[in-house]
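Predicted model, so just to flag it, every value in this text is computed and none were measured.
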Amino acid sequence: MPKSRIRKKADFTPPPEKKATSIDLRGGGRRWVAPLMLAMFGIGLAWIVVFYVTSSSLPIEALGNWNIVVGFGFIATGFVVSTQWK
């Protein structure tokens, strides 16, 4: 029986090394986002707590129960600002 041909395989060449991309951990120009977001959350929470603790006489007595809406408005603004965080 004749000998079969031996196929020569190409030598293994490893794939080129991937270079790490630099990530800007400082936030670029968005350093204001986290403090503003936390401030909005804090102001909203404080507004609602003050409203309940003072039995509706503070922060703005004329608003009545709408003070709760104002507090949640600050909190919602904090969530809107948080979408800008990278």
Side-chain angles (χ1 to χ4, degrees):
M1 187 121 194
K3 225 178 187 180
S4 64
R5 287 187 185 169
I6 298 175
R7 286 184 240 153
K8 182 168 176 146
K9 292 183 180 179
D11 292 333
F12 175 74
T13 55
E17 291 184 22
K18 294 181 180 178
K19 294 183 180 180
T21 58
S22 64
I23 298 174
D24 188 11
L25 296 176
R26 294 174 288 148
R30 309 243 179 177
R31 299 185 78 178
W32 54 271
V33 172
L36 182 62
M37 174 186 65
L38 294 175
M40 290 292 117
F41 289 156
I43 291 170
L45 180 64
W47 192 286
I48 294 171
V49 168
V50 167
F51 174 72
Y52 277 115
V53 169
T54 62
S55 300
S56 309
S57 64
L58 287 176
I60 301 175
E61 188 174 6
L63 289 179
N65 286 335
W66 283 97
N67 279 303
I68 298 170
V69 175
V70 172
F72 277 115
F74 278 113
I75 293 171
T77 304
F79 279 112
V80 169
V81 170
S82 71
T83 63
Q84 300 298 315
W85 196 5
K86 287 187 178 185

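Residues L45 and L38 are members of separate hydrophobic clusters, defined by side-chain heavy-atom contacts under 4.5 angstrom among Ile, Leu, Val, Met, Phe, Trp and Tyr. Hydrophobic clustering (side-chain heavy atoms under 4.5 Å, transitive across Ile, Leu, Val, Met, Phe, Trp, Tyr) groups F51 together with W66. With hydrophobic clusters built from ILVMFWY side chains whose heavy atoms lie under 4.5 angstrom apart, Y52 shares a cluster with F72.
Judged as a side chain to side chain donor-acceptor pair (under 3.5 Å), and not counting sequence neighbours, E61 has no contacts. By the side-chain contact (heavy atoms from CB on, under 4.5 Å) test, V70 is found to be paired with W47, L63, F74, residues two or more places apart in sequence or in another chain being considered.
To the nearest 0.5 angstrom, F41 atom CZ is 10.0 Å from L36 atom CG.
Partner of M40 under the side-chain contact (heavy atoms from CB on, under 4.5 Å) criterion, out of V80, I75, T77: T77 alone.
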